[in-house]
Every structure is written in structure tokens, then in C-alpha cells.
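Everything numeric here is computed off the predicted structure, so don't read it as measured data. Counting convention: from 1, in listed order, for ligands and their atoms alike. Heavy atoms only: backbone and side chains are in, while hydrogens, waters and symmetry mates are out.
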Amino acid sequence: MTKILVTGALGQIGSELAEKLAQIYGSENVLITDIREPEQNHLDIPYQKLDVNDEQAIKDIVINNQITEVYHLAAMLSATAEKYPIQGWNLNTNSLLTFLELAKDKKLSKIFWPSSIAVFGRGAAADMTPQEEVTNPLSMYGVAKVAGEGFCEIYHQKYGVDVRSIRYPGLISWKTLPGGGTTDYAVDIYYKALEDKKYESFIGEGTALPMMYMDDAIRATIELMQAPKEDLTIHTAYNLQGITFTPEEIAAEIKKHISDFEISYAPDYRQAIADSWPNSIDDTQAQKDWNWKPEFDLDSMTVEMLKHLKSKLQ
Ligand code: NAD
Ligand code: AKB
């Protein structure tokens, strides 16, 4: 019997992933948790408050609810972690170790923990960054993700823990706002295009970043978690490519729908983080191991984003 715990479930990914998991496994078999209280739990999935900095609280919730699988999404994203590096490091690493220890002690059978394109930095190929590439991140967030990948590989190899991970690109969605990342500009731009017909981008012209529409990211996560264990060859985190674009390219796409939309540029501290990240990612290994294939491109994602946000903002 699968019993799933989702941490950070009220965030950008969790709010959509929890809904999908409830559809697959039944709402009664999913427990959503976050440090915040939900405004409204329209999903009808059981909720409990959980601060993942509290090691004992994690252990209690797993044991008391006979949890078998965890999707550990609670984290501090890159832009916020740059401002609060110590808190970011502690949150982004310690709680993962607590879950890995529980799995080592056979209290959990499977863990999903997301890594990020932020693991790459100095010395990594910027275009089509390979799966096995140097990881010298230049952000505190990236440093914590590299450490997390290392924990996953060690717990897999030494203790046989089934922990699976993806290096998500910047995720673009309309249901829940992103929570303090460098790639958030590519969500903000759609809101501002509809509300003000203009957007001042904190990421500069010419900065290409790997991005992905949320529907593809959720599908990737489920596909990876449902893949046969013996097919998986990567035990750090899988590279995943979706869509690569610059601010002017996404602006041009929006202009096809909102002809008087204008973009301007005022890069801030997040530009240095973006400059250290790849432009695009080579995900050949994910294609080989679990048949990964994205469905959305910039064109179809823009149509979806504008359609859904238009009705949401009405
Ligand atoms: P988010 O910021 O939208 O959500 C994180 C959630 O964690 C929030 O609801 C927050 O309230 C909660 N949280 C914060 N501190 C907590 C604590 N101490 N205890 C419990 N909950 C706490 O983030 P997200 O975009 O949903 O990201 C989820 C994971 O995916 C993170 O590990 C992130 O690094 C990774 N990721 C996200 C993206 C992206 O573009 N969204 C890209 C790459 C990787
Ligand atoms: C961020 O910008 O911090 C995230 C990520 C790519 O990890 N969206």
C-alpha cells in the first residue's frame, strides 16, 4: 500500500504535484504538509503542518502515518537563499538527510527530491550541458543542491536507498506563484503582460536559460518515480531539458497575442546567478532510461499560460 508524504506542498510544484498524486493514488493516500497553513484546501487532500527543520517532527509524521514514499519539496530557492545563505543551506540539506536516514532504516521505501540546473556553474559547458559535467556552482542554492545530489548517490550506493531526482530547469506555471527563484521572471512576465502590457525584466537581454512548462515537469516526476528501479542509471539527479529562451524571445512570443506589450530590462543581483547557469541541457540519459520527452514548446506554453491566466485574473 503506497502512502505518500509531500513536503512544501503549498509551493509552486507541490500544489500541482499533490493534485496529480491524489488522482493516481487516491486523496486518502496522500498527506500534504507545509510550514504555512493552506488558504483553502480545494483539493480535499489531508493536510498537516510540518516544519522540515524539525527532525523529530519529520520522524513522527512518517511513522505515525505509515508513510512509504516522500516527495520532499520544501526548500529555499536561489534568489532567497542568496539573501539568507545559512538558513538556505540548513533547510536545503538537513531535511534531506533526515529522510535518507529514515529510508536507510527501512522506514521509507522511496524518496523523490528535486535538484536543479543550479548545480552547474564555473567550467561547465553552457550549451547542452552534459549529464556528467563539472558541478562548481556559484550560488549557495547550487552548493546545497550539489551536496544533496551527493547524499542521494551515497545513500543509494552504500545503503540501497531508492531515491530519485531531477535537475529541474526553471518551471513556468499559472496555478501557484513561484517562490523566490532566479527563473521567476518567466512567470512574472505573463502576469504583467496581461495586467499592464509592459514588463521590466530583472534578467537581462540575451540571457538564455533552460525552462519547462509545469505540466511537463509533473509528468517527468511521475514517470521517473514509476520507472522500474533497474532501468535507472543516474543516482545523483537526471538532467532534463524543456525549452530554452531569452527574455526577448519570450517577449516576442507574448507580443504575438498582445501586440502592444513592451519589455524593458533592469538586471539585478539575480543576473549573476543566471549568468552562471547553463543555456540548455543535454537530457539524453533521461530519454534512454525512462523515455523522457517534453511536450510543450515556447509557442504552446505561451498559449496555455495566457489562456489560464486570463480567466484567473478576471
Ligand atoms: P516553492 O518556494 O514554490 O515552495 C516551497 C514550499 O516549501 C513553500 O510552500 C514553503 O512554504 C515551504 N517551506 C519553506 N520552508 C519550509 C520548512 N521549513 N518546512 C516546511 N515547508 C517549508 O518551491 P518550488 O518551486 O515548489 O520548489 C520545490 C523544489 O523544487 C525545491 O527543492 C526547489 O529547489 C526545486 N526546484 C524548483 C524549480 C522551480 O523552477 N520551481 C526549479 C528547480 C528545482
Ligand atoms: C530558481 O530559479 O531558483 C529555480 C531553479 C532553476 O532551481 N527556479
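- At least one heavy atom of Lys145 sits closer than 4.0 Å to an atom of ligand 1.
- No donor-acceptor distance shorter than 3.5 angstrom exists from the side chain of Thr182 to the backbone of Ala274, with no hydrogens or angles considered.
- Under a 4.0 Å criterion applied to the non-hydrogen atoms of Leu10, ligand 1 contributes the atoms 9 (O).
- Taking every non-hydrogen atom of Asn53 and a distance limit under 4.0 Å, the qualifying atoms of ligand 1 come out as 18 (N).
- Ligand 1 places these atoms under 4.0 Å from at least one heavy atom of Asp51: 17 (C), 18 (N), 19 (N).
- Checking only distances, Ser115 never comes within under 3.5 Å of ligand 1, N or O to N or O.
- A donor-acceptor contact shorter than 3.5 Å links the side chain of Thr7 to the backbone of Leu73.
- In this structure, the side chain of Ser259 does not engage the main chain of Lys255 through any donor-acceptor pair within 3.5 Å.
- Between Val52 and ligand 1, at least one pair of N/O atoms sits closer than 3.5 Å.
- Residue Trp113 places every heavy atom at 4.0 Å or more from ligand 1.
- Heavy atoms of Gln12 found under 4.0 angstrom from ligand 1 belong to the backbone as well as the side chain.
- Considering each of Leu91, Asn90, Asp34, the one bringing a non-hydrogen atom nearest atom 15 (N) of ligand 1 is Leu91.
- The residue among Pro169, Gly170, Ser173, Pro114 with a heavy atom at the shortest distance from atom 42 (C) of ligand 1 is Pro169.
- Taking every non-hydrogen atom of Leu73 and a distance limit under 4.0 Å, the qualifying atoms of ligand 1 come out as 28 (C), 29 (C), 31 (C), 32 (O).
- For ligand 1 and Ser116, the ligand atoms under 4.0 Å from any heavy atom of the residue are 43 (C), 44 (C).
- For atom 1 (P) of ligand 1, the candidate residues are Leu77, Ile172, Ile117; the nearest heavy-atom contact is made by Leu77.
- Taking a cutoff of 4.0 Å between a charged side-chain nitrogen and a carboxylate oxygen, Lys20 and Glu16 do not qualify as a salt bridge.
- Proximity of a side-chain donor or acceptor of Arg164 to a complementary backbone N or O of Lys110 within less than 3.5 Å is not detected.
- At least one N or O atom of Arg36, backbone or side chain, sits closer than 3.5 Å to an N or O atom of ligand 1.
- Aromatic ring centroids of Trp290 and Tyr238 lie under 6.0 Å apart.
- Residue-level proximity to ligand 1 for Ser95 is absent, since no heavy atom of it falls below 4.0 angstrom.
- For Ala9, the heavy-atom gap to ligand 1 stays at 4.0 angstrom or more.
- When non-hydrogen atoms are compared, ligand 1 lies under 4.0 Å from the backbone of Leu50 (N, CA, C, O) but not from its side chain.
- Put simply, the residue from Thr284, Leu240, Asn239 that forms a side chain to side chain contact (heavy atoms under 4.5 Å, CB included) with Trp292 is Leu240.
- Counting heavy atoms only, Leu171 comes closest to atom 40 (O) of ligand 1 of the residues Val6, Leu171, Leu17.
- Side-chain polar atoms of Ser115 and Glu149 form a donor-acceptor pair below 3.5 angstrom.
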Within the protein, flag every N or O under 3.5 Å from an N or O of ligand 2, and note the pair and distance.
from     : atom 1 : to     : atom 2 : distance (Å)
ligand 2 : 2 (O)  : Ser78  : OG     : 3.3
ligand 2 : 2 (O)  : Thr182 : N      : 2.7
ligand 2 : 2 (O)  : Thr183 : N      : 3.1
ligand 2 : 2 (O)  : Thr183 : OG1    : 3.4
ligand 2 : 3 (O)  : Ser78  : N      : 3.1
ligand 2 : 3 (O)  : Ser78  : OG     : 2.5
ligand 2 : 7 (O)  : Ser116 : OG     : 2.7
ligand 2 : 7 (O)  : Tyr141 : OH     : 2.7
ligand 2 : 8 (N)  : Thr183 : OG1    : 2.8

